[in-house]
Amino acid sequence: MRAVFERFLERLSESVDEADLSSAMADVASGFDLLAFAYLSLPPRPNGKPTLISNYPAPWTAHYLANRYQSVDPVIVRARGGGCTFQWGSDLSGAEGASGVQVFEEAAQFGICCGVTFPIIDGRGNFAAMTFAGEKPVPAFFRAAERYEEGLSYIATCFHVFVRRKLTANRMINGVLLTPREYECLQWAAQGKSDWEIGCILGITQRTAAFHLGNVRRKLGVTTTRQAIGRLARSDFSVH
């Protein structure tokens, strides 16, 4: 168990984008015989865009977001009330009336019929929920969820922290948005690391690190990495 957690945290630390985070979560979930997962984070502002990271079928997640089902999904409605981890199945579908029933019926067409959900409300009041779902409400599924509940709760919280850190951080410098990798390379350069050292730290080649820093210079309209670091220092960001 400890080795699984350590590897999971290592992969989260190395993640650059949503695909990396999703892959790390999918692997650790499968290790607990829970093959389907969905992480949903709701924005603090009503008109904000939710973050959904999942290995559910892509047509379903696209349909879910397009129809704003997060506002009527009985699972999310219950999770937003806070409280403890809970299991669910078709018995929960009627909790929000006809709209809730519709969400469950459509989800079932994609093999999502039951699950266990971990509500997450962090110290800043941000809401998220991690769900592990199954095709059928069979005892084996819920036994696995119950057996590893404490560990899965920790995994869900760690995932939320890294998503907030990796995906929601503002990487804008002088009105220019950098990619996660570009911003990461610039941060390490600001700490005096060479292209070769940055490559070793991030697990990429020296040439790739230089490529990302070249993109940073181009985007910021400067000729040297030192100038780019100066732009970073004058922005609202601190280098960690």
Side-chain angles (χ1 to χ4, degrees), residues 8 12 15 18 21-30 32 34-58 60-97 99-104 106-108 110-135 137 141-142 144-146 148-168:
F8 177 60
L12 290 181
S15 296
E18 182 177 316
L21 292 166
S22 180
S23 177
M25 189 70 241
D27 285 351
V28 76
S30 66
F32 293 103
L34 302 169
L35 301 182
F37 80 90
Y39 165 86
L40 177 68
S41 176
L42 299 184
R45 298 182 300 277
N47 60 343
K49 183 179 179 181
T51 298
L52 177 58
I53 301 176
S54 170
N55 63 353
Y56 286 178
W60 167 240
T61 55
H63 180 71
Y64 185 99
L65 292 175
N67 288 277
R68 301 180 182 274
Y69 279 170
Q70 67 272 13
S71 62
V72 296
D73 182 346
V75 174
I76 299 304
V77 171
R78 176 168 173 177
R80 292 192 71 173
C84 303
T85 302
F86 61 93
Q87 299 177 357
W88 53 267
S90 58
D91 57 310
L92 189 62
S93 65
E96 295 301 307
S99 56
V101 172
Q102 180 179 348
V103 173
F104 267 64
E106 293 183 7
F110 292 91
I112 303 166
C113 301
C114 64
V116 56
T117 296
F118 296 81
I120 304 168
I121 299 178
D122 63 28
R124 296 186 178 183
N126 298 302
F127 166 80
M130 176 67 79
T131 294
F132 299 95
E135 294 181 340
F141 172 85
F142 291 114
E146 290 172 357
Y148 301 115
E149 181 175 334
E150 184 176 354
L152 290 171
S153 178
Y154 175 69
I155 285 171
T157 301
C158 288
F159 190 80
H160 172 71
V161 169
F162 275 89
V163 168
R164 296 284 303 171
R165 182 182 302 173
K166 300 279 187 175
L167 301 186
T168 63

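Residue numbers count from 1 along this sequence.
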Quick check: do [X] and [Y] have side-chain heavy atoms less than 4.5 Å from each other?
X      : Y      : value
Leu21  : Leu12  : yes
Met25  : Ile53  : no
Thr131 : Trp88  : yes
Val75  : Phe104 : yes
Ile76  : Leu42  : yes

Atom [atom1] in [X], atom [atom2] in [Y]: separation rounded to 0.5 Å?
X      : Y      : atom1 : atom2 : value
Asn126 : Arg164 : CG    : CZ    : 3.5 Å
Phe159 : Ser22  : CZ    : OG    : 6.5 Å
Phe32  : Ile155 : CZ    : CD1   : 4.0 Å
Cys114 : Phe141 : SG    : CZ    : 5.0 Å
Ser54  : Ile112 : OG    : CD1   : 6.5 Å
Thr85  : Glu149 : OG1   : CD    : 4.5 Å

Checklist entry - Are the side chain of Asn55 and the backbone N or O of Leu35 linked by a donor-acceptor pair below 3.5 Å? => result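 Present.
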Next on the checklist: Using modelled atom types and a 3.5 Å cut-off, is there a donor and acceptor pairing between side-chain atoms of Thr61 and backbone atoms of Ala58?
Outcome noted: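 Confirmed, Thr61 side chain pairs with Ala58 backbone.
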Set of side-chain hydrogen bond (donor to acceptor under 3.5 Å, both in side chains) partners for [X], sequence neighbours left out:
X     : answer
Tyr39 : His160
Ser23 : Arg11
Ser41 : none

For [X] against [Y], the heavy-atom pair lying closest together:
X      : Y      : result
Val72  : Ser99  : CB-OG, 3.8 Å
Met130 : Ala156 : CB-CB, 3.6 Å
Val116 : Ala145 : CG1-CB, 3.7 Å
Pro50  : Leu40  : CB-CD1, 4.0 Å
Pro119 : Phe86  : CG-CE2, 4.1 Å

Checklist entry - Within a radius of less than 6.0 Å around CD of Glu146, do more than 12 heavy atoms belonging to other residues, nucleotides or ligands occur? => result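 Buried by this count: over 12 neighbours within 6.0 Å.
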List in chain and number order the residues that pass ring-ring contact (aromatic ring centres under 6.0 Å, His included) with [X], two or more places apart in sequence or in another chain; answer none if no residue qualifies.
X      : value
Tyr69  : His63, Tyr64
Phe110 : Trp60
Tyr154 : Phe5

